[in-house]
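All chains are named by letter (A, B, ...) in the order of the sequence lines, taking the proteins before the strands, and each is independently numbered beginning at 1. These numbers were taken from a predicted model, which means no experiment stands behind them.
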2 protein chains.
Amino acid sequence: MELEAAKLKYIQTWGSLATSWGINKTMAQVHALLLVAVEPLSADAIMETLKISRGNVNMNVRALIDWGIVKKEFVPGERKEFFVADKDIWELFKQVTKERKRREIEPVLKVLDELQNDVTATTEEAQQFKALMKDLSSVTNTVNGILEKAIKADEHWLLSSFTKMIKK
Amino acid sequence: MELEAAKLKYIQTWGSLATSWGINKTMAQVHALLLVAVEPLSADAIMETLKISRGNVNMNVRALIDWGIVKKEFVPGERKEFFVADKDIWELFKQVTKERKRREIEPVLKVLDELQNDVTATTEEAQQFKALMKDLSSVTNTVNGILEKAIKADEHWLLSSFTKMIKK
DNA sequence: CTAAACTTTCAATAAATTTTGAAAGTTTAG
DNA sequence: CTAAACTTTCAAAATTTATTGAAAGTTTAG
């Protein structure tokens, strides 16, 4: 397979994975493009390759920067801004995990705990509801804890001691 | 807070969490409703509570059954079908994880491996691309392995030995 | 069998999300 | 300062995704 074709296929595949996990397809594609790029890309280059508008590029690059997975890069002698994606995939995973935890999981945990505390009734049904909230909260907390550990861990920990544990 | 209000708030919260993780909001709400319900619910009861159409209820309940997290329940003396959600939240987590792994992660891993193998060029750039695919594949595989272990583990493993490990 | 009770389907419609592109804003070279 | 180069904004348009509801299909009671 041609390298360029392979790059495009990767960009497409990554875009559709992202879609099924609630991430904007274009955002994932811009990121994928920056990942496979050898040098920093300008907004124009991204527009041209992905056939999307300038506004769209701007918004999605902005979002990627906000997620902490893309950086602006200054290219000597150029006025334009250039963008690069961190090539360390483990860092990428950690960063995305960290942000999703913070943006989505933690707020939900807060609500679950509030619901548990705010229901004052002591009927059988209320007890059941509170027990359910507690269970949801417990599993969510557990998952959150695993992710917490993962984002603090270095790759070595994940790939070695964890692998051993998995095979156990 | 009133129990009914708390239930509604939970249904809403869960629905919006689902949305940000690429799961249909109504599907999550139907599931949440079944979770907080004390007895099995009919399609009519779901329609009425969530103010959605019969077709919508049918499709989403169907999807939940397909995900393995809701079951039909036969109620003696009734012609209608009734539905229940498994109340074991850890089972729910395992089931959802298993399905998403199978439906979304594994197909992507397959593509990443293909891309790595199908690129035959040996230029510097091709090497870099293949290394990137390898890294992506490696991290994805690692995550997949953790999930694999999690769905095979019992809750005890997760809450005890894992907790210990996390605190290490 | 027949009709009522219930479930499923799916084309049309509605809602939500994403994208565009032109105008406004900002920065920098000269 | 001024104009060109570049970036940002955001209302309107396009696209994607979800929902409706009526018709078709299925099951069961009698």
Side-chain angles (χ1 to χ4, degrees), chain A residues 11-34 40-67 70-84 100 103-104, chain B residues 11-34 40-67 70-84 100 103-104:
Chain A
I11 290 168
Q12 292 304 320
T13 303
W14 213 240
S16 53
L17 178 67
T19 300
S20 62
W21 286 81
I23 290 163
N24 176 302
K25 188 181 84 184
T26 304
M27 184 171 151
Q29 290 186 336
V30 171
H31 182 256
L33 175 61
L34 291 173
L41 300 182
S42 66
D44 291 274
I46 298 169
M47 282 171 69
E48 199 170 316
T49 313
L50 300 181
K51 309 268 186 286
I52 60 179
S53 73
R54 185 175 300 282
N56 201 3
V57 169
N58 185 274
M59 285 188 149
N60 282 296
V61 166
R62 195 140 277 288
L64 288 166
I65 291 173
D66 192 41
W67 273 75
V70 159
K71 301 267 176 295
K72 284 187 185 178
E73 193 156 298
F74 178 73
V75 173
E78 286 275 9
R79 265 238 348 236
K80 292 181 197 176
E81 294 179 329
F82 287 76
F83 307 99
V84 286
R100 297 205 82 164
R103 297 176 195 211
E104 297 150 11
Chain B
I11 291 168
Q12 293 303 321
T13 304
W14 213 241
S16 55
L17 177 67
T19 301
S20 64
W21 287 80
I23 290 164
N24 174 303
K25 188 182 81 184
T26 303
M27 184 171 154
Q29 290 187 334
V30 171
H31 182 257
L33 175 61
L34 291 172
L41 299 181
S42 66
D44 290 275
I46 298 170
M47 282 171 70
E48 200 170 315
T49 312
L50 299 181
K51 310 269 188 285
I52 60 179
S53 73
R54 186 175 299 286
N56 201 3
V57 169
N58 186 274
M59 284 187 150
N60 282 295
V61 165
R62 194 140 278 288
L64 288 166
I65 292 174
D66 193 41
W67 275 74
V70 160
K71 300 269 177 293
K72 285 186 186 180
E73 192 157 297
F74 178 71
V75 173
E78 285 275 11
R79 254 199 55 202
K80 291 182 194 173
E81 294 179 330
F82 287 76
F83 306 99
V84 285
R100 297 204 81 163
R103 296 176 195 212
E104 297 150 11

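The two atoms that bring B:E78 and B:F74 nearest to each other are O-CE1, 4.2 Å, heavy atoms only. Taking both residues in full, the closest heavy atoms of B:A28 and B:G15 are given as CB-CA, 4.0 Å, listed atom of the first, atom of the second, then distance. Taking every heavy atom of both residues into account, B:M27 and B:A63 meet most closely at SD-CB, 3.8 Å. B:P40 and B:E73 make their closest contact through CG-OE2, 3.3 Å (heavy atoms, listed as atom of the first residue, atom of the second, distance). Considering all non-hydrogen atoms of both residues, A:K51 and A:E48 come closest at NZ-O, 3.2 Å.
Remark: C1' of D:dT15 and CG of A:N24 are 12 Å apart, rounded to the nearest angstrom. Atom C1' of nucleotide D:dA5 and atom CZ of A:F82 are separated by 13 Å, given to the nearest angstrom. A straight line from CG of B:N60 to P of D:dT17 spans 16 Å, rounded to a whole angstrom. Atom C1' of nucleotide C:dA5 and atom NZ of B:K80 are separated by 10 Å, given to the nearest angstrom. Atom CD1 in B:I23 sits about 18 Å away from atom C1' in C:dT17, given to the nearest Å. To the nearest angstrom, P of D:dT7 lies 11 Å from CD1 of A:I65. Atom-to-atom, CZ of A:F83 to C1' of D:dT8 comes out at 11 Å; the value is rounded to the nearest Å. The separation between A:E78 atom CD and D:dT7 atom P is 10 Å, rounded to whole Å.
The stretch residues 44-57 of chain B comes close to DNA chain D through B:K51, B:I52, B:S53, B:G55, B:N56, each having a heavy atom under 4.0 Å from the strand. Of the residues in residues 26-34 of chain B, those with a non-hydrogen atom less than 4.0 angstrom from any atom of DNA chain D are B:T26.
At least one side-chain heavy atom of A:K72 sits under 4.5 Å from a side-chain heavy atom of A:F83. Taking the side chain as every heavy atom from C-beta outward, A:V61 and A:I65 approach each other to under 4.5 Å. With contacts defined as side-chain heavy-atom distances shorter than 4.5 Å, the pair B:V30/B:V57 does not qualify. Looking at B:L64 and B:W67, their side chains never come closer than 4.5 Å, going by heavy atoms from C-beta outward. Considering only heavy atoms from C-beta on, B:L34 comes within 4.5 Å of B:I46 through its side chain.
Residue whose closest nucleotide on DNA chain D sits further toward the 5' end, between A:K25 and A:E81: A:E81. When each of B:M59 and A:R62 is assigned the nucleotide of DNA chain D bearing its nearest heavy atom, the one mapping closer to the 5' terminus is A:R62.
A:N56 meets the side chain to side chain donor-acceptor pair (under 3.5 Å) test with A:N60; sequence neighbours excluded. With sequence neighbours left out, the side chain to side chain donor-acceptor pair (under 3.5 Å) criterion links B:E104 to A:W21, B:R100.
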Enumerate all atom pairs, one protein N or O and one N or O from nucleotides 28-30 of chain C, separated by less than 3.5 Å.
none

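For the atom pair OG (B:S16) and CD1 (B:I11), the distance works out to 12.5 Å, reported to the nearest 0.5 Å. Atom OG1 of B:T49 sits about 11.5 Å away from atom CD of B:Q29, to the nearest 0.5 Å.
A:N58 comes within contact range of at least one nucleobase, with a heavy-atom separation under 4.0 Å.
Comparing the start and finish of the helix from C:dC1-D:dG30 to C:dG30-D:dC1, five pairs each, the helix axis swings through 10°, to the nearest 10 degrees.
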